[in-house]
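Reviewing the structure listed below.
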Amino acid sequence: MLAFAANSLLCRLALGTQLIDAASFTTIRVVSGALALLMLALPQWRTGIHVPVDWRAVLSLFMYMIFFSFAYLSLSAGTGALILFGAVQLTMFVVALRNGEYFPFSSWSGLVIAILGLIYLVSPGVTAPDPLGAVLMAIAGVAWGGYSLLGRGVNDPLVVTASNFIYSVPLAIASSLLFQNDIKLSM
């Protein structure tokens, strides 16, 4: 949980103070993640372990990262994290229901309370978040929920995750090129 919270805080810190633009921030996150995971997965790849590319997972990972970054241009860290995790959980809950999983009353009660809390959070008023930022973060949450669901039961999570990050690099670079007029990098 600490890592998830730190992710939101660091992203908001960088983007909220306009030290970097959202597309470049995403590109740096994807490339550095790919490099770190490459070093960790390299020993397994040397033994011949390779996995087929799941383009749905690659796109889900990239969509999470890019929408997350753009959402934090206008959301606070706390609000963004609440919307993100609510969307992730709702996505996973809906898929579980669709797959016929059973949930006890306490789970349903928790879901209703969470949905009511999100509705209250995004309702127009003094504390309502930026609507575009909220929608972008909700999309990021659905993408992360989808990515998590696609990763269930993979044989080698490290190799699969490393592959997904590596295949996301061209998408991240393309997003930086698409938003090249907005590039802002500070040291």
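Start at 1 with the first residue, then count along the sequence. Hydrogens, waters and symmetry mates are skipped; everything else that's a heavy atom, side chains included, is used.
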How long is the span from the [atom1] atom in [X] to the [atom2] atom in [Y], to the nearest 0.5 Å?
{"X": "Leu171", "Y": "Ile66", "atom1": "CG", "atom2": "CD1", "value": "9.5 Å"}
{"X": "Ser168", "Y": "Leu59", "atom1": "OG", "atom2": "CG", "value": "7.5 Å"}
{"X": "Leu178", "Y": "Gln180", "atom1": "CG", "atom2": "CD", "value": "8.5 Å"}
{"X": "Cys11", "Y": "Ile20", "atom1": "SG", "atom2": "CD1", "value": "9.5 Å"}
{"X": "Leu61", "Y": "Arg56", "atom1": "CG", "atom2": "CZ", "value": "14.0 Å"}
{"X": "Gln44", "Y": "Asp156", "atom1": "CD", "atom2": "CG", "value": "4.0 Å"}

Original post:
What do the steps show when you test Ser107 against Tyr102 for side-chain contact (heavy atoms from CB on, under 4.5 Å), and what is the final call?
Top reply: CA-CA 10 Å; Ser107 294; Tyr102 168 78; over 6 Å; no
Would [X] end up clustered with [Y] when hydrophobic side chains under 4.5 Å apart are linked, directly or stepwise?
{"X": "Leu73", "Y": "Leu10", "result": "no"}
{"X": "Phe67", "Y": "Leu132", "result": "yes"}
{"X": "Leu35", "Y": "Val30", "result": "yes"}
{"X": "Leu90", "Y": "Leu150", "result": "no"}
{"X": "Leu111", "Y": "Leu97", "result": "yes"}

**OP:** May I ask you to decide if Ala172's main-chain N or O and Thr27's side chain share a donor-acceptor pair within less than 3.5 Å?
**Re:**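 Yes; judged by distance alone, with no hydrogens or angles, the pair exists.
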Subject >> Donor-acceptor pair, side chain of Ser69 and main chain of Met65, under 3.5 angstrom >> reply: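 Pair found, side chain donor or acceptor close to backbone of Met65.
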**OP:** Side-chain contact test, heavy atoms from C-beta onward, threshold under 4.5 Å: evaluate it for Leu136 versus Tyr72 and give yes or no.
**Re:**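 SC-SC contact between Leu136 and Tyr72 ruled out.
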When you compare the side chains of [X] and [Y], does any donor N or O come within less than 3.5 Å of an acceptor on the partner?
{"X": "Ser76", "Y": "Thr79", "result": "yes"}
{"X": "Asp21", "Y": "Ser24", "result": "yes"}
{"X": "Arg12", "Y": "Asn7", "result": "no"}

Original post:
More than 12 non-hydrogen atoms from neighbouring residues, nucleotides or ligands closer than 6.0 Å to CG on Asn155, yes or no?
Top reply: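 No - once you tally the heavy atoms of other residues, nucleotides and ligands closer than 6.0 Å, there are 12 at most.
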**OP:** Check the surroundings of atom CZ in Phe93: do more than 12 heavy atoms from other residues, nucleotides or ligands lie under 6.0 Å from it?
**Re:**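 Buried by this count: over 12 neighbours within 6.0 Å.
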Original post:
So Phe68 and Tyr64, would you call those rings parallel, tilted or perpendicular, with 30° and 60° as cut-offs?
Top reply: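 Rings of Phe68 and Tyr64: tilted, as their planes differ by 30° to 60°.
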Subject >> Geometric class of the Tyr167/Trp55 ring pair [parallel <30°, tilted 30-60°, perpendicular >60°] >> reply: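 Rings of Trp55 and Tyr167: perpendicular, as their planes differ by over 60°.
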On a heavy-atom basis, which atom in [X] and which in [Y] lie closest, and how many Å separate them?
{"X": "Val88", "Y": "Gly141", "value": "CG2-O, 3.3 Å"}
{"X": "Ala87", "Y": "Ala138", "value": "CB-O, 3.5 Å"}
{"X": "Gly133", "Y": "Leu75", "value": "O-CD1, 3.3 Å"}
{"X": "Ala71", "Y": "Met137", "value": "CB-N, 3.6 Å"}
{"X": "Gly146", "Y": "Thr91", "value": "N-CG2, 4.1 Å"}
{"X": "Leu158", "Y": "Leu40", "value": "CD2-O, 3.6 Å"}

Original post:
Just one of Asp54, Val159, Val160 clears the side-chain contact (heavy atoms from CB on, under 4.5 Å) bar with Val154, so which one?
Top reply: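 Among Asp54, Val159, Val160, the one meeting side-chain contact (heavy atoms from CB on, under 4.5 Å) with Val154 is Val160.
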Original post:
Centroid-to-centroid, Phe179 to Phe70, below 6.0 Å?
Top reply: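 Close enough - the centres of the two rings lie under 6.0 Å apart.
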Original post:
Between Trp144 and Tyr147, does the ring centroid distance fall short of 6.0 Å?
Top reply: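 That pair passes the under 6.0 Å test.
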**OP:** Could you give me the CA-CA distance, side-chain angles and deciding distance for Leu38 and Phe165, then say whether side-chain contact (heavy atoms from CB on, under 4.5 Å) is met?
**Re:** CA-CA 9 Å; Leu38 174 67; Phe165 266 82; over 6 Å; no
